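Shown next, in structure tokens, is the structure this report addresses.
Please read all numbers here as calculations on a predicted model, not as lab measurements.
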Amino acid sequence: MAEQGFRTCSVTGLKVHLPAERLIKANAVTAIIFIAIGGAAALLAALTRWPAVHLLGPEWFYRVLTAHGFDMLIVWIIFFEIAALYLGSAVLLSVRIAAPLVGWVAYILMLGGAVLVNIMVLAGKSDVLFTSYPPLMAHPLFYLGVILFAVGALIGVALFFATLYKARKEKTYTHQSFPLVTFGLFAAACIAVTTLLHGAGIYIPTLLWSLGIIHDIDPSAYRLVWWGLGHSSQQINVTAMISVWYLIGALSVGMKPINEKLCRTAFVLYILFIDVASEHHLLVDPVFGNAHKIWNTGYVMHLAVLASMIHALAVPAGIEVALRKQGYTKGLFEWFKMAPWGNPAFSATVWSIFIFGFLAGITGVVFGNEQINMTAHNTWRITGHFHATVVGGTTIAFMGVTYYILPLIFRRQIWALSLARIQPWLYGIGITMLSASMMLAGAYGIPRRHWDIANFGGSPFAFAWDPTVYIWLGVFGIAALLAVAGGIIYVAVSAGTLLWGKKVE
Amino acid sequence: MSIYPPDKVWWKPIDREEKIWLVIALIWLSFTFFLMPVLHVYGRQNPPALSYRVTPERFEALSNEFIEKYRVLGSDGQPVAINGVPVVHPQPGGDAYIVARAWSWQPILELEKGKPYRIHLSSLDFQHGFSIYPLNMNFMAIPGEDYILRITPTSSGEFSILCNEYCGIGHHTMVGKLIVR
Amino acid sequence: MSGKESFPAPGTFVLALIFLVVFIAVYFLNLKYLGSVWEVR
């Protein structure tokens, strides 16, 4: 007989605290709603940057691009991460969530902030793009919205820590060691604290500036602190994504990390060294010296890269060992051929590992080189790189884990499983083509965030690009359509499952 | 499994292949790191790190002075301009200015191939991105900072300058020109 | 574990080495590209 307020999961044997489950559901559903909004914005932005279509006018292009950046990089991903944190603490440790009411306060603050930002952007009051670099000024409510979201997320992270403490005090798990997934999420939460403090730290003075209380925001100082939010938030994603790889590996093939010590050390390297890497956005800025740039983006970042290279071996190796144990031992790659490809969560994870490694990881280190950065900064090469990290890496991994959250937390069988099976492939192929074509076009100098690369809005200095660029721009357009189709299927399968999925148990 | 607490003793030695991978990764990443300072000694393309505080007013005054002094005169003795933007021929080895403002680049520099210049780059209003096409070299133009690029053009022809940092609704019209003879 | 015992995941090790080769190739390709732009410091 289950303890009051709990149910026992029939698949994992874990005790699930029902108020924690409700919080996970709310955060996950909200995340999916925002990926739908951000995806609509993505489609409009891509159809405008595809010169063959050039859909929107400049006002709406920059507006939609602002919404796309904020809804995807911040709202979708952090809502999903908060859901993952509650899952990694309360559910994996079979403990009551420390204070469900606080979780709802966090949720309402985040939702309110996100809605406020979207209203301010779509009303045309804040055409400042995601970075909102001063002296461009947005409506004060835009900055307030970001602050509310950041504070809400910080409260959610605090609730995660409190729940871990509760589990430790009540000894709900053995040997005083968290499961690896929880440990990884703990690392992500540590990074989230510094990230969100940077966000509050830069947006509070900027809010005061927009209200006329402070007269000046130094643009260089803004860049330094803002990237502590803008890039570090992507480091939360990396860390959470790798935790999700371990989670899906465990659920899909029964994977066990081959060396716990190494995996955990790698997560600690992330906590210690990954944040300063955000300074690679400042490599061709004035003000900062060469030694400062090299130290922050090079040495320390490379210890974080070492951590990624450890996981790059450990995760597939864990999967290989598990599959070999199931009897697929022929040659080097029988395990790979016989892997559960019909499981959308598994194929999503493989796509995530592939894109994150080959496209995102490599270009991250290459473009982060102080010298090479001169030929990449603010071009589409950068946009291509971070679509590989955040979309090809994190988003696909989160889509994959959704296919476990639906049956295990929402307790509904996946609706239209055959659609779900092709979804990671469609999305993976789309994003691979998308980020590769962006990086190739960017190598010719195609800038990011530009409404009209074909005619420069009629400028008398307009020039013609190397015609090869238009091949990559064409590939980009097709890739964007594929990815959006994959995104639509994801949202449709999730919504269909919640509406019409057969109840489990 | 990674969703359950690990075995009681999980601090175990790392096996051989994982150690090999760790060592290879460390060697490669140390190389990519140490290459950066080494390139500052042996490389010819290094991001400049020299900059001064300057007010936009002061920077505008200095650049106007520079434009007056080095303006290119046509055969008729009149100053040359392309689309209304003055063409300027700075002294090789000397200072030159490039002013970014919403939404134009000023002036049009006429440089000599193989000669070094100290190009002062700054913005009078928003943050702008200075990008030379088709070279694909990119630097930030930030209001309040006089960023000094010690540049030696090693190829000749007509180059375009485009803005690659969003600077308002006319951002995409912000194109300029640079000539190397 | 003794040094003689074989790695439990040889396929992954091969994949990781392929990754490393691609990494190094892309890195040097970009350094070559960098060498083609103007001199600046």
Side-chain angles (χ1 to χ4, degrees), chain A residues 12 58-59 92 127 129 133 135-136 173-175 177-181 219-220 246-247 249-250 254-257 259-262 283-287 289-290 294 298-299 302 305-306 309 313 365 369-371 374-375 377-379 445 447-452 456-457 459-463 466, chain B residues 1-8 10-12 14-15 18 21-22 25-26 29-30 32-33 35-37 39-40 43 45-47 49 51 83 125-127 129 131 133-140 142-147 160 162-177:
Chain A
T12 57
E59 291 90 353
L92 289 191
D127 295 334
L129 293 200
Y133 285 142
L136 285 174
Y173 56 100
T174 51
H175 318 315
S177 299
F178 295 144
L180 183 60
V181 173
S220 283
Y246 285 111
L247 175 65
M255 155 194 176
K256 218 174 126 102
N259 192 306
E260 286 269 355
K261 173 171 80 173
L262 203 57
L283 287 177
V284 293
D285 269 30
V287 183
N290 292 119
I294 292 175
Y299 182 57
H302 287 179
V305 176
L306 180 68
M309 289 182 77
L313 185 76
V365 174
N369 170 290
E370 196 204 6
Q371 285 86 7
M374 287 190 291
T375 62
H377 179 79
N378 269 0
T379 69
R448 67 192 286 187
R449 304 174 153 182
H450 199 281
W451 175 66
D452 189 12
F456 299 94
S459 161
F461 288 105
F463 60 91
D466 184 325
Chain B
M1 286 207 297
S2 33
I3 56 167
Y4 300 120
D7 304 335
K8 190 156 189 183
W10 51 265
W11 194 262
K12 289 177 187 162
I14 302 164
D15 56 26
E18 270 195 297
W21 176 249
L22 211 55
L26 258 178
L29 293 172
S30 311
T32 60
F33 167 65
L35 190 68
M36 290 192 268
L39 281 176
H40 274 281
Q45 290 86 12
N46 286 295
S51 69
N83 302 326
D125 41 45
F126 306 113
Q127 303 191 20
S131 178
Y133 179 80
L135 283 177
N136 197 13
M137 291 179 85
N138 308 281
F139 303 97
M140 288 306 298
I142 290 181
E145 310 292 343
D146 177 359
Y147 196 11
S160 293
L162 63 146
C163 179
N164 64 10
E165 186 54 81
Y166 174 73
C167 53
I169 191 66
H171 162 55
H172 45 271
T173 64
M174 188 166 165
V175 193
K177 206 185 217 3

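Annotation: maximal heavy-atom pairing with chain B below 4.5 Å, among Val365(A), Leu247(A), Leu92(A), occurs at Leu92(A). Between chain A and the options Ser160(B), Ala49(B), Pro47(B), Ser30(B), heavy-atom pairs under 4.5 Å are most frequent for Pro47(B). If you tally non-hydrogen atom pairs under 4.5 Å between each of Pro134(B), Cys163(B), Ser2(B) and chain A, the highest count goes to Ser2(B). Ranking Gly254(A), Ala462(A), Gly289(A) against chain B, the residue ahead of the rest is Gly254(A), based on heavy-atom pairs under 4.5 Å. Here Lys12(B) is the residue among Lys12(B), Met137(B), Met174(B), Lys177(B) with the most heavy-atom pairs under 4.5 Å with chain A. In terms of heavy-atom pairs under 4.5 angstrom with chain B, the leader among Gly249(A), Ser177(A), Pro447(A) is Ser177(A). Put simply, of Leu180(A), Asp452(A), Asp285(A), Val287(A), the one with the most heavy-atom pairs under 4.5 Å next to chain B is Asp285(A).
Counting only heavy atoms from C-beta outward, the side chains of Ile3(B) and Tyr246(A) never approach each other to under 4.5 Å. Annotation: side chain of Phe126(B) is not in contact with side chain of Tyr166(B) (no heavy-atom distance under 4.5 Å). With a 4.5 Å cut-off on side-chain heavy atoms, Trp451(A) and Ile169(B) do not count as touching.
Leu39(B) touches chain A through backbone and side chain together, each having a heavy atom under 4.5 Å away. Heavy atoms closer than 4.5 Å to chain A are found in the side chain of Glu145(B), but not in its backbone. When heavy atoms are compared at a cutoff of 4.5 Å, Pro460(A) approaches chain B by way of both its backbone and its side chain. Neither the backbone nor the side chain of Asp146(B) comes within contact range of chain A, judged by heavy atoms closer than 4.5 Å. For Trp10(B), the parts lying near chain A are the backbone and the side chain together; criterion is any non-hydrogen pair under 4.5 Å.
Rounding to the nearest 0.5 angstrom, the gap separating the CG atom in Asn259(A) from the CG atom in Asp15(B) is 7.0 Å.
Aromatic ring pairs are classed by plane angle as parallel below 30°, tilted from 30° to 60° and perpendicular above 60°; the pair His172(B) and His450(A) is perpendicular.
Residues satisfying the salt bridge (Lys or Arg N to Asp or Glu O under 4.0 Å) test with Lys261(A), not counting sequence neighbours, are none.
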